Visitor: 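This structure is in C-alpha cells; I'll ask about it shortly.
Whatever order the structure lists them in is the order used to number ligands and atoms, beginning at 1. The structure displayed is predicted, hence computed values, not measured ones.
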Amino acid sequence: MELLYTVNPGIEDIASEEIRAELGGVTSFEKMSGHVYHVVDNVSFEAIYRLRSINRAFILLFKSRVGPRTNDLVKLREELVSSLETIHYYITPHTSFAVDTERLGSHEYTSMDISRIVGEIIIRKVEEKTGVKPVVNLRTPHIIIHVFVRDENFFLGVSLTGSRSLHRRGYRIYDHPAALKPTLAYAMLTLSGTRDKQVIVDPMCGGGTIPIEAGLLHEEALIYGYDRNPKHVRGAKLNAYASGVYGKVVFGVWDARRLHVIFDEQVDHIVSNPPYGIRYGDPVVIRKLYRDFLGSAYKSLKPGGRLTIITTEYNYVLKKAGDIGFRVIHKRTVQHGGLYPKIVVLEK
Ligand SMILES: C[S@@+](CC[C@H](N)C(=O)[O-])C[C@H]1O[C@@H](n2cnc3c(N)ncnc32)[C@H](O)[C@@H]1O
C-alpha cells in the first residue's frame, strides 16, 4: 500500500522517522516539500490517527507530473482515465464524494479546474463499472478525494483523515490568537531530545500547546507551562483538561524574564514559542524581551540543558545566545502560518 502524508514544510524528516517507528515500512521525502511518501504492507488506520507530526494522510492512487499550462491538462486527463481503474473500490453507488484540490505554485489553471476534471472522470469510471453515477456532495461527503498539486508534482489520494487536518487536534477548546501547530510543538520537543523524568518548561506557553504535547509524549516528565497573561493560562488549563494531560502539567502566571527565580539550574529543556516580532509591533521591545528571556533561561537550565525556540528573530537570538554562552546545536527553517521561522536548539 502507498500512503502520502502532508506535514508542515521543514519537519519531513521528523515525520518520516515517526511514521517508520510507529507503522513500519519505507518512507521517503524531499526537504521543504510538505510531504512524506510511505510504502507499507499493512497499516492500522488507528495508528495513523495517533501520529503526532502529520497533518493529513491519504491512500495514494495516482501520482504524476503536470506542466503549468492549461493544455498540459489534456495529457493529465488521459493519464487519469487510464489510471483510476479501481476507483469504484472506494466510491460506490452508495457513497457520496467530493474532490478537494490543494494547489501550490504558478499554473494557468485553478484548483477548481482540477477538481472538476477529476470529479468528471470519477463519475464516468464508477458509472462504467457499476452502472450507477455516484453522488457528489461537497458539504458532507462520505469520501474525500484529495488532489495535491505542488509545482509540477501531482498526487491524488483517498483521504484517511477527513476534511480536517490532524494538526487541529481535538484539545483546542481555548484558541490562542497566535497558537503553534501541535505538529511543530512535537517537532521542537523531538529536536530538543526531551525524555521521561526530565524537567521540561515552556515559560511563554499561551494556550499550552507545547506542554500538552510534552504530556502526550512522556509518561513521567515534570512539565511546567507559564504565561504572563492569566487569560492564556486559564485557556491552557482548559486545553490540557480536554487533551487528558491536565494532571501531568503545572500551569501558572509568571514572567519568562524571571524564570530563574523559580528554577535555579534545575531545568533540562526549555521549549518555547515566544512572540514573533513581526506580530508584536515594536522591534526594540521584542529584542529586549528576547535578551532578558535568553539570560533568564540560561540561569534556569542545568549545565548541558537545552533551550529550543521557534522564532522569526533568529539572527538576533543566535547572536545574543552566543554572547550569553549558549552553543548552537541545531537550526532549521520551517513553515508556520505563512511565515518561515527557524527552530533553534541551544545548549548551555
Ligand atoms: C506566540 S504566543 C505562544 C503560543 C503558544 N505556543 C500556543 O500554542 O498557544 C507567545 C506568548 O508569550 C506570552 N508572553 C509574552 N511576553 C511574556 C513574558 N515576558 N513572560 C511570559 N509570557 C510572555 C504571550 O502572552 C503569548 O501568550
Visitor: Do Q335 side-chain atoms and G10 backbone N/O form a donor-acceptor pair below 3.5 Å?
Guide: no
Visitor: Using atom types as modelled and distance alone, determine if a side-chain donor or acceptor of K248 lies under 3.5 Å from a backbone N or O of G215.
Guide: yes
Visitor: Just let me know how M204 lines up against ligand 1, side chain, backbone, both or neither, with a heavy-atom cut-off below 4.0 Å.
Guide: both
Visitor: Ligand 1 and N229, any nitrogen or oxygen pair closer than 3.5 angstrom?
Guide: no
Visitor: Hey, what's the ring geometry for H176 with Y174, parallel, tilted or perpendicular (30° and 60° as the breaks)?
Guide: perpendicular
Visitor: Determine whether a donor-acceptor pair (N or O, by modelled atom type, separation under 3.5 Å) exists between the side chain of R228 and the backbone of W254.
Guide: no
Visitor: Less than 6.0 angstrom from the centroid, inside 45 degrees of the normal: does K237 satisfy that with respect to the ring of F251?
Guide: no
Visitor: Report, in ascending order of atom number, the atoms of ligand 1 lying under 4.0 Å from any heavy atom of A178.
Guide: 1 (C), 4 (C)
Visitor: Would you tell me which option among G337, S272, A256 has the nearest heavy-atom contact to atom 20 (N) of ligand 1?
Guide: A256
Visitor: Looking at ligand 1, does any of its N/O atoms fall within less than 3.5 Å of an N/O of D255?
Guide: yes
Visitor: N/O of H176 under 3.5 Å from N/O of ligand 1, yes or no?
Guide: yes
Visitor: Heavy atom under 4.0 Å from ligand 1: found in A236's side chain, backbone, both, or neither?
Guide: neither
Visitor: Report yes if some N/O of I210 lies less than 3.5 Å from some N/O of ligand 1; otherwise report no.
Guide: no
Visitor: Which class fits the ring pair F148 and H35: parallel under 30°, tilted 30 to 60°, perpendicular over 60°?
Guide: perpendicular
Visitor: For ligand 1, find out whether one of its N or O atoms is nearer than 3.5 Å to an N or O atom of G207.
Guide: yes
Visitor: Is the side chain of T6 donor-acceptor paired with the backbone N or O of R56 at a distance under 3.5 Å, no angle test?
Guide: yes
Visitor: May I ask you to decide if H260's main-chain N or O and S296's side chain share a donor-acceptor pair within less than 3.5 Å?
Guide: yes
Visitor: Considering D292, L180, D227, which one's heavy-atom position lies nearest to atom 25 (O) of ligand 1?
Guide: D227
Visitor: Does a sphere of radius 6.0 Å around CG in D196 hold more than 12 heavy atoms from other residues, nucleotides or ligands, not counting ones at 6.0 Å or beyond?
Guide: yes
Visitor: Could you list which atoms of ligand 1 come closer than 4.0 Å to a heavy atom of P275?
Guide: 10 (C), 12 (O), 15 (C)
Visitor: Out of the candidates H218, R306, H269, only one should pair with Q198 under the side-chain hydrogen bond (donor to acceptor under 3.5 Å, both in side chains) rule; please name it.
Guide: H269
Visitor: Are the side chain of D72 and the backbone N or O of V66 linked by a donor-acceptor pair below 3.5 Å?
Guide: no
Visitor: If you measure from atom 17 (C) of ligand 1 to every heavy atom of K181, R228, M188, which option wins on shortest distance?
Guide: R228
Visitor: Would you mind telling me if ligand 1 is within reach of the side chain of H232, the backbone, both or neither, using heavy atoms under 4.0 Å?
Guide: side chain
Visitor: Under 4.0 Å from a heavy atom of N273: which atoms of ligand 1 are those, numbered in the order shown and with their elements?
Guide: 1 (C), 2 (S), 3 (C), 4 (C), 5 (C), 6 (N), 10 (C)
Visitor: One residue to check: W254. Relative to ligand 1, which of side chain, backbone, both or neither has a non-hydrogen atom less than 4.0 Å away?
Guide: backbone
Visitor: For ligand 1, which is the ligand I care about here, please tell me if T209 has any N or O atom under 3.5 Å from one of the ligand's N or O atoms.
Guide: yes
Visitor: Under a 4.0 Å heavy-atom limit, does P203 contact ligand 1 with its side chain, its backbone, both, or neither?
Guide: backbone
Visitor: A179 to ligand 1: N or O pair under 3.5 Å?
Guide: no
